[in-house]
Participant: 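What follows is a structure written as structure tokens; I'll ask about it next.
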Amino acid sequence: MQIVWFRKDLRIHDNPALTLACQNGPVTAVYFVTPLQWQQHDVAPIQIDFIEKSINQLAYSLATLGIELIVETVDLFDDIPDALATLCKKLNASQVFANSEVEVDEINRDIKVQQQGIDLQIFQADCILNPGQVLTQQGTMFKVFTPFKINWLKQVQALDLSPYCKPAAQNAASEIIIPTAFTIDRPKKDSAYWLASEDAAQTHLVDFLDQFVEYYHLKRDFPAKQATSMLSPYLALGLISTKQCLHALLLRFPDALDNAKNGVSTWVNELVWREFYRHIMVLNPNLGKGDNYNKLGNQIQWQNDPKLFKAWCEGKTGYPLVDAAMQQLIQTGWMHNRLRMVCASFLTKHLLIDWRWGERFFKQHLIDGDLASNNGGWQWAASTGCDAQPYFRIFNPIIQSQKFDPNGQFISIYNQALAHLSDKQIHFPVNPIVEHKVARLTALQLFSVLKKG
DNA sequence: TCGAGCTTGAG
DNA sequence: TCAAGCTCG
């Protein structure tokens with residue numbers, strides 16, 4: 001008997017741990033619910049709801065393969081080695097199969113499991129190219145995205161991207177035992193807008209590839225348009241893999257890896273950014289503990305005014321686009337990528353609040369909360385990250401609004417009181433908590449500690 | 001060594 | 001126009 005331990009890979013397709021375990025004989029699956037750990041990791045209630053629905057769906061999918069999914073609740077990652085050892089004993093299992101994760105606590109958890117004497121086999125399915133596999137000629141991690149991407153594309157072009165097949169059913173012709181629904185006993189926020197299944201993820205992907213990807217580079221920056229893939233919640237929990245995404249993309253657009261300037265390659269870029277941030281995280285584990293990537297960032301004198309932070313959290317900064325974006329996050333658990341940049345820039349550069357505060361707040365509300373991507377994005381905006389925004393580049397929230405929500409269509413969704421304003425008027429702040437020009441100059445001074453040379 | 005090339009702009 | 005540099009080959 002083998003155990004397949006599911007973590008952030010809640011899928012039966014393109015899942016090497018599952019497929020390879022099944023090749024070795026009978027399999028039982030396990031998922032550990034870790035409420036206290038999730039609390040420490042600021043997992044959003046809406047993501048917990050999405051996890052609950054996803055594991056119930058996974059249990060059903062596994063049942064169709066004749067595999068039982070045991071869902072066990074413990075407090076912390078630290079409790080898993082014992083729990084897993086007990087389970088191995090009970091099932092008389094010789095090996096545990098799992099897919100790798102990139103975060104430091106997760107990696108340490110796996111080490112502790114192995115130290116417990118459990119034969120834990122770890123497979124790589126989180127990235128298309130494994131962390132540490134995309135390096136400069138000096139053997140170091142790239143510090144700039146573009147050369148990383150060039151190297152990544154080169155390697156991927158030589159790769160077979162066929163996803164792993166789902167395993168064959170274990171006991172043919174056996175009846176499907178419909179598993180009892182599992183409930184996670186934690187505060188939850190309804191995630192029903194996002195159907196929690198592999199099928200739903202595939203539908204999002206197909207719709208995106210059929211209808212949107214060709215215009216992605218032209219439309220993706222406009223939050224009022226439906227133009228992005230909407231795959232982030234699925235990628236965050238592994239209901240779909242980036243390999244599946246790229247494979248499907250290449251079937252439709254065989255020259256997708258050619259580094260052109262079109263919608264297809266712009267979207268490939270996004271997948272590569274995801275990998276870039278994951279590689280950085282594995283090679284710099286302390287990023288997961290709040291370290292600035294750029295140590296000069298330690299010298300930034302954050303002002304951290306709680307009143308300003310509260311206003312930002314509640315979408316009451318006075319800047320219509322920022323406030324609408326924060327409402328989108330609070331109400332739906334998701335925020336358009338362009339707006340994440342605008343809000344992150346505003347918090348760090350206009351309000352001079354530590355990016356970690358914003359990172360945490362986002363994590364607490366995002367259905368697609370993912371440490372590497374969230375941290376990478378925040379440190380990009382705060383100019384402390386790897387290949388980050390230069391510190392002197394400060395988004396003007398009014399110009400961003402004029403450019404990317406020209407008719408105020410997005411703003412109007414979340415602030416009907418402004419809907420009657422003209423296209424010209426709607427972008428301007430009403431009782432702003434800080435004035436752009438003043439804030440900009442202060443930020444330039446405070447952030448000048450990042451000046452190089 | 002040196003030069004090409006820099007995600008998501010702003011005053 | 002400017003760009004408060006630097007990475008990578």
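Lettering of chains follows the sequences in order, A, B, ..., and the numbering in each one begins at 1. No experiment lies behind these values; they were computed from the predicted model shown. These values consider heavy atoms only, across backbone and side chains, with no hydrogens, waters or symmetry-generated copies.
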Participant: For nucleotides B/dA10 and C/dC6, find the distance between their P atoms and express it as a whole number of Å.
Facilitator: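 That atom pair is separated by 23 Å.
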Participant: Earliest and latest nucleotide of DNA chain B, 5' to 3', sitting under 4.0 Å from a non-hydrogen atom of chain A?
Facilitator: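 It runs B/dC6 to B/dG11.
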Participant: Just jot down the ring pair (Phe, Tyr, Trp, His ring centres under 6.0 Å) partners of A/His41, sequence neighbours excluded, or say none.
Facilitator: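 Testing A/His41 for ring pair (Phe, Tyr, Trp, His ring centres under 6.0 Å), a comparison that skips the adjacent residues, returns A/Phe77.
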Participant: Provide the distance between the two C1' atoms, one in C/dA3 and one in B/dC6, to the nearest whole Å.
Facilitator: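 Roughly 11 Å separates the two C1' atoms.
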Participant: Using atom C1' in both nucleotides, what's the gap between C/dT7 and B/dT1 to the nearest angstrom?
Facilitator: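 The same atom, C1', in both gives a distance of 14 Å.
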Participant: Output the residues of residues 381-393 of chain A in contact with DNA chain B, where contact means a heavy atom of the residue under 4.0 Å from an atom of the strand; sort by number or write none.
Facilitator: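 A/Asp387, A/Arg393, in order of number.
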Participant: Under 4.0 Å, heavy atom to any atom of DNA chain B: which of residues 267-279 of chain A qualify?
Facilitator: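 Hits under 4.0 Å, by residue number: A/Glu270, A/Trp273.
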Participant: A side-chain contact here means heavy atoms from C-beta on lying under 4.5 Å apart; do A/Ile128 and A/Trp152 qualify?
Facilitator: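 Of all side-chain heavy-atom pairs linking A/Trp152 with A/Ile128, at least one is under 4.5 Å.
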Participant: Can you check whether A/Arg278 reaches A/Ser373 side chain to side chain, under 4.5 Å on heavy atoms?
Facilitator: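 Sidechains of A/Ser373 and A/Arg278: in contact.
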Participant: Assess, by modelled atom type and distance only, whether the side chains of A/Asn269 and A/Thr266 contain a donor and an acceptor separated by less than 3.5 Å.
Facilitator: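 No, A/Thr266 and A/Asn269 have no side-chain donor paired with an acceptor closer than 3.5 Å.
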Participant: For the residue pair A/Gln409 and A/Ile426, establish whether any side-chain heavy-atom pair is separated by less than 4.5 Å.
Facilitator: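 Not touching, per the 4.5 Å side-chain cut-off.
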Participant: Could you pull out the protein-nucleic contacts involving nucleotides 7-9 of chain C (nitrogen or oxygen on both sides, under 3.5 Å)?
Facilitator:
{"from": "C/dC8", "atom 1": "OP1", "to": "A/Lys143", "atom 2": "N", "distance (Å)": "2.3"}
{"from": "C/dC8", "atom 1": "OP1", "to": "A/Val144", "atom 2": "N", "distance (Å)": "3.3"}
{"from": "C/dG9", "atom 1": "OP2", "to": "A/Gln137", "atom 2": "N", "distance (Å)": "3.4"}

Participant: By a strict heavy-atom criterion of less than 4.0 Å, which residues belonging to residues 339-378 of chain A are in contact with DNA chain B?
Facilitator: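 Within residues 339-378 of chain A, the residues near DNA chain B are A/Met341.
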Participant: Search all heavy atoms of A/Trp355 against all heavy atoms of A/Thr384 and return the closest pair with its distance.
Facilitator: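 Closest approach of A/Trp355 to A/Thr384: NE1-OG1, 3.6 Å.
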Participant: Just grab all the salt bridge (Lys or Arg N to Asp or Glu O under 4.0 Å) pairs involving residues 328-343 of chain A, residues at least two apart or on different chains.
Facilitator: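 Every pair satisfying salt bridge (Lys or Arg N to Asp or Glu O under 4.0 Å) with a residue in residues 328-343 of chain A: A/Asp221-A/Arg338, A/Arg340-A/Asp368.
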Participant: So, do A/Phe6 and A/Tyr31 have ring centers that fall under 6.0 Å from each other?
Facilitator: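 No; A/Tyr31 has its ring centre 6.0 Å or more from that of A/Phe6.
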Participant: Show which side-chain atoms of residues 202-216 of chain A pair as donor or acceptor with protein atoms under 3.5 Å away, not counting sequence neighbours.
Facilitator:
{"from": "A/Thr203", "atom 1": "OG1", "to": "A/Asp199", "atom 2": "O", "distance (Å)": "2.8"}
{"from": "A/Asp210", "atom 1": "OD1", "to": "A/Arg252", "atom 2": "NE", "distance (Å)": "3.2"}

Participant: Considering residues at least two apart in sequence or located in another chain, which fulfil the ring pair (Phe, Tyr, Trp, His ring centres under 6.0 Å) criterion with A/His350?
Facilitator: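 Testing A/His350 for ring pair (Phe, Tyr, Trp, His ring centres under 6.0 Å), a comparison that skips the adjacent residues, returns A/Phe346, A/His436.
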Participant: Can you measure A/Leu444 atom CG to C/dA3 atom P for me and round it to whole angstrom units?
Facilitator: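 Nearest whole value for this atom pair: 13 Å.
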Participant: What about A/Phe97 and A/Phe123, are their ring centers closer than 6.0 Å?
Facilitator: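 Yes, the ring centres sit under 6.0 Å apart.
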Participant: Paired stems touching DNA chain B, three or more consecutive Watson-Crick or G-U pairs with both distances under 3.5 Å?
Facilitator: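 Stems (3+ consecutive pairs) listed as B:2-6 with C:5-9.
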Participant: Without hydrogens or angle criteria, can the side chains of A/Ser401 and A/His427 be said to hold a donor-acceptor pair below 3.5 Å?
Facilitator: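 Distance-only check passes for A/Ser401 and A/His427.
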Participant: Please list, chain by chain and in numerical order, all residues satisfying ring pair (Phe, Tyr, Trp, His ring centres under 6.0 Å) with A/Phe362, sequence neighbours excluded.
Facilitator: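 So A/Phe362 forms a ring pair (Phe, Tyr, Trp, His ring centres under 6.0 Å) with A/Trp312, A/Trp378.
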Participant: Counting the atoms with a prime plus P, OP1 and OP2 as sugar-phosphate, which does A/His336 contact under 4.0 Å by heavy atoms, base, sugar-phosphate, or nothing?
Facilitator: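 The residue A/His336 makes no contact with any strand.
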Participant: Is any side-chain heavy atom of A/Asp387 closer than 4.5 Å to a side-chain heavy atom of A/Lys143?
Facilitator: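 Not in contact.
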Participant: What I want to check is whether the side chains of A/Ser197 and A/Gln57 have a donor and an acceptor closer together than 3.5 Å.
Facilitator: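 No, A/Gln57 and A/Ser197 have no side-chain donor paired with an acceptor closer than 3.5 Å.
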Participant: What residues form a ring pair (Phe, Tyr, Trp, His ring centres under 6.0 Å) with A/Tyr277, not counting sequence neighbours?
Facilitator: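 Checked A/Tyr277 against ring pair (Phe, Tyr, Trp, His ring centres under 6.0 Å); matches are A/Trp273.
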Participant: Counting any heavy atom closer than 4.0 Å, what does A/Lys403 reach on the DNA or RNA strands: base, sugar-phosphate only, or nothing?
Facilitator: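 Sugar-phosphate only.
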Participant: With the side chain counted from C-beta on, respond yes when A/Glu275 and A/His279 share a heavy-atom pair under 4.5 Å apart, and no when they do not.
Facilitator: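 Yes, their side chains come closer than 4.5 Å.
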Participant: In whole Å, I'd like the distance from the NZ atom of A/Lys451 to the C1' atom of C/dC6.
Facilitator: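 Taking atom C1' of C/dC6 as the reference, NZ of A/Lys451 is at 16 Å.
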Participant: May I ask you to say what A/Ile399 touches in the nucleic acid, namely base, sugar-phosphate or nothing, with a heavy-atom cut-off under 4.0 Å?
Facilitator: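 Since only primed, P, OP1 and OP2 atoms lie under 4.0 Å of A/Ile399, the category is sugar-phosphate.
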Participant: Under 3.5 Å, is there a donor on one side chain and an acceptor on the other for A/Gln155 and A/Asn151?
Facilitator: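 A/Gln155 vs A/Asn151: donor-acceptor pair found between side chains.
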